[in-house]
Amino acid sequence: MYLSVNHLSKWYGDYEALRDITFEVKEGELLAVLGPSGCGKSTLLRCLGGFEPVQSGDIYLNHERITDLPPELRPVATVFQSYGLFPHMTVLENVKYGLKFLSLSRQEATKKALAMLERVELAQYAHQAIHDLSGGQQQRVALARSLVIEPDLLLLDEPLSNLDAKLRVSMREEIKRIQQDLHITTIFVTHDQEEAFSMADTILLMNQGNVVQTGSAIDIYEHPAEVFVLDFIGKSNLLAENCYVRPEKIRMGLPTKNQPAQGEICQVVFKGEIIEYDIHCFDGSNLSVVTLNQSDYLFQVGTKVCLSYTEKTLGG
Amino acid sequence: MDLRKRHQLHQAVDRGIRWLIAGLVLLFILYPFIMVFKEALMSTNHFMTVSEMGEFVLANQSLIKNSLLVATTTSILATTLSVGISLYYFLAPNWLQRGLSLLFMITMISPPFVSSLAYIHLFGRRGFISHQLLHLTWNPYGAHGIIMMQTLGYLSLNTLLLIGFLKAMDKSVVETAQSLGADTNHILLDIILPLMHRGIVIVASLTFIRSLADFGTPSIIGGSFKVLATEGYLNVIARGNIQEAARINLLIFIPAMLVFILYTHYLKDLTNRDHGNPAGKFSLRRQGWLFQLVRVISILLIGALILQYLSIIMNGFTVRYQGKSSLSLANIYESRPYISSTFIRSIVYALIAGVVGSFLSFTLVYYSQVRQIKWMKWIDFIAMMPYIMPGTFFGLGYIFAFSKSPLKLVGTSLIVVLNVTFKQLAFATKMASGSLSQINPELYQSTHDLGGSYLNELKDVVFPLSKEGLYVAFINGFTSTMTTIGSIIFLIYPSQKVATLVLFDLVQSGKYRLASVIACYIMLICLTANGLYYLVLKWMKKVRGNVSIR
Ligand SMILES: Nc1ncnc2c1ncn2[C@@H]1O[C@H](COP(=O)(O)OP(=O)(O)O)[C@@H](O)[C@H]1O
Ligand SMILES: [Mg+2]
């Protein structure tokens, strides 16, 4: 494997921030580390970048053991959440900075940096000061600066969290595009399920310092390994222990002669493209159901409905 | 009382406080300041003409040159060296950082003349190192002595200020450089030093101003090398020529003011910096020529600082008899008559100055910064002025301003207390400004929303939420009052001496060992106050920790 992390453990004093973390990443793959805030995502990234020593475990990158290398000697580049742009340098100087430590001539370095700025569509800002750029532009400078040194592994810590909602969606695509163009192995951290689903090849789900599940978005959504995953990813109705059904997988209809009503709608939340219903079942349970908005508005509060679905089991 | 009446009353009180503070600042800072100008520039019947001014400057040419030489050299040296030490601190392991912080905190408390005393003790004609160890005969007196001792004396404060700048730096900037492949040398040179440059300018200008105004060091180890500050002082004490003294102080004030303008410019820039994560602990590797260089510099200077303080203590506890030194408590015994009531008086003055000064400045800054009252900003600015006024300048101003009725205060204890209180507003208002900018403005609005008045903003928001800031301002006021001399030396009557004056007299009359004992007492008192502050802080954190809701 290109990157393999084996049994990594990290303690802050007597607080165990990472417990026995093991996973692998293929070359050119985009891995999302997803989990609630405080679960140890940034810590994991900092261990991979070399900023935090680990207590046990190993990191292999490209068949080389990098566990004990300091950050400046690891072929890994990190883009931090606050970007870490050098405020006393221009955009171009920022992007050129890492090239200084590779054996490149000055002209070559400038050429490379400009080409990278071109790629992130910031060439015309090359000689501007950092604080003249918008948040999204700063983000791209930081990205360009890390990409230009062609690291074996790129780490991004919540890269989109400082941007507004619209920009976030377009930057998702931009990052994905650049990552695929350059075929650069990337790990990015996020607490946003949608972000992880829309960008990642593989998702590593974390909770309280543990890896809970690894897999594609479909794997994780359709086959959650435990209750935490079910709770954290999407919405669901827990029917019994280990038994659940997702709200959008329930078909809802008006009762007919053959199919008697099973419950009554007690709340309708109109969300535009979808509509959410809370249903009080006659057997005493409650279910939530989601349908696409088909503009028929058949179902109102008080409407009696019949439901059909297949139960799924956790870990199955 | 019905609500409306209460509201009106509070508004009146609010206005009253504002006017009172403004009045006090104008009377006890601006008025004495103007009086120095008036006395300096106005003879009995006419204003000093331009040609008279030119003559005066020419006549004092060599003093001006000497002063600027010393101040410039000292500030370059003290700044460069403290940059070196702060970089070393930045790279040092945790345990060493803790130790160094403590050392700088302790050595920052320096009663006047301490470094000069140590210098004479170690390097003087009969000095411990120069004479007893190395058998040298050299002349320790002169510009080189002043520069060395001032540099050493300002090192701790400068280093602490620079460490403050370093700690406020965005951690991810440094880590990004690391991740891009920069080694320790490059990170220091390419990233940290450029980002520190504002801090460096600030530290250099503060050093320049302090050095220019210092009359203690040159008066003891200047020898025949005279500077403006010593002359300004001697004109009052020895020659009774206070107009000449006022003029000389004006000469000191002008370059200090120019440098101060630079300083405020940089300070302003500093407050609207872009933010990021403040630095935590770095994993920079301790290697590279630059690290080795700052390590050597730091070890030497830290050694010198420790030696300086040890020598004072040693000096206090030894006597020389027939050419031999031996441990003894004789000095302590002998110092008793000099202490009598002076220490109690000093502590009381320092307590009053600390308490009044800190509350006054927080209230003042509340009006200028939180309430955004325009004219209060001017009052705020005036309160900062003692920062650039040499101590003797401020003291002279009080003599000129308060020697005639109805404001005849000269000769009372009150004038001394007022002087030390208003002198430290400069620092305390800055502290307050930083502290109050941390308070979420919505808290003030909530106070009103819930039926409170402006007075409640002060009482229920400002003071409770700036406890730490108030403590720091208090401690600083206390310590600086315990160690000040320049501003009060002309104001104190022999019967009401404070500790620093006793110290000064002893140094003047060559009783260095007794002076060392007094210096030790002063340091001990200040250290106790600082120690209590840390205990209180710790205790407060504990209490807060127990009641906080997560
Ligand atoms: N330097 C540190 N010292 C002690 N505890 C830390 C440190 N950094 C992070 N932690 C703790 O480790 C846990 C994981 O933090 P982090 O990796 O930042 O979480 P995430 O990025 O997933 O939000 C948190 O509980 C945090 O309080
Ligand atoms: Mg994080």
Side-chain angles (χ1 to χ4, degrees), chain A residues 12 42 45-53 68-89 93-104 129-133 135 138 141-151 153-158 162, chain B residues 83 90-91 93-95 98 165-201 266 268-291 550:
Chain A
Y12 287 118
S42 296
L45 220 59
R46 294 178 59 76
C47 292
L48 295 177
F51 301 104
E52 295 285 350
D68 303 316
L69 287 183
E72 61 268 31
L73 299 183
R74 289 190 191 202
V76 177
T78 308
V79 177
F80 290 96
Q81 200 168 354
S82 57
Y83 312 149
L85 292 170
F86 307 139
H88 57 298
M89 298 182 191
E93 284 166 347
N94 262 280
V95 175
K96 251 166 69 173
Y97 187 75
L99 297 172
K100 196 166 145 164
F101 309 108
L102 308 173
S103 38
L104 281 179
I130 290 299
H131 51 79
D132 291 336
L133 302 187
Q138 291 189 355
V141 175
L143 195 62
R145 183 176 63 174
S146 291
L147 286 170
V148 80
I149 59 171
E150 297 171 12
L153 178 63
L154 177 69
L155 306 175
L156 308 171
D157 193 354
E158 309 242 359
N162 290 338
Chain B
V83 167
F90 186 73
L91 290 165
N94 273 337
W95 61 268
R98 250 172 278 147
F165 287 115
L166 283 175
K167 282 194 171 155
M169 216 167 54
D170 186 351
K171 181 178 177 171
S172 65
V173 169
V174 173
E175 290 189 333
T176 302
Q178 257 181 305
S179 119
L180 294 173
D183 60 13
T184 305
N185 279 340
H186 279 104
I187 288 177
L188 292 180
L189 288 173
D190 298 343
I191 312 292
I192 292 172
L193 278 176
L195 291 183
M196 263 174 103
H197 88 277
R198 287 183 187 132
I200 293 173
V201 173
Y266 272 83
K268 189 172 71 225
D269 271 10
L270 208 67
T271 46
N272 50 31
R273 260 180 338 173
D274 32 9
H275 15 217
N277 306 328
K281 188 61 197 143
F282 291 89
S283 53
L284 285 188
R285 286 190 298 166
R286 289 183 273 282
Q287 52 175 234
W289 62 267
L290 193 51
F291 170 70
R550 284 181 41 122

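Reminder, nothing fancy here: chain letters follow the sequence lines and each chain counts from 1. Side chains are part of it too, since the values below use all heavy atoms of this structure and drop only hydrogens, waters and symmetry mates.
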Next on the checklist: Evaluate A:Tyr97 against B:Ile191 for side-chain contact (heavy atoms from CB on, under 4.5 Å), listing each step before the verdict.
Outcome noted: CA-CA 11 Å; A:Tyr97 187 75; B:Ile191 312 292; 4.3 Å; yes
Next on the checklist: Could you report the tightest heavy-atom contact between B:Ser179 and A:Ala77, atom names first, then the distance?
Outcome noted: OG-CA, 3.6 Å
Checklist entry - Should B:Leu284 and A:Glu72 count as side-chain neighbours, where that means a heavy-atom distance under 4.5 Å? => result no
Item to check | Taking every non-hydrogen atom, the tightest pair across B:Thr176 and A:Tyr83 | outcome: OG1-O, 4.0 Å
Next on the checklist: If we define contacts as heavy-atom pairs under 4.5 Å, which of A:Leu73, A:Thr78, A:Leu99, A:Leu85 has the most with chain B?
Outcome noted: A:Thr78
Item to check | Value rounded to 0.5 Å, distance of CZ in A:Phe86 from CG in B:Asp170 | outcome: 10.5 Å
Next on the checklist: Can you tell me which portion of B:His197 sits under 4.5 Å from chain A's heavy atoms? Options are side chain, backbone, both or neither.
Outcome noted: neither
Item to check | For A:Ser82 against B:Ser172, the heavy-atom pair lying closest together | outcome: OG-OG, 2.9 Å
Checklist outcome for this item: Taking every heavy atom of B:Asp190 against every heavy atom of A:Lys100, the minimum-distance pair comes out as OD2-NZ, 2.7 Å
Next on the checklist: Side chains of B:Glu175 and A:Arg46, heavy atoms from C-beta outward: is any pair under 4.5 Å?
Outcome noted: yes
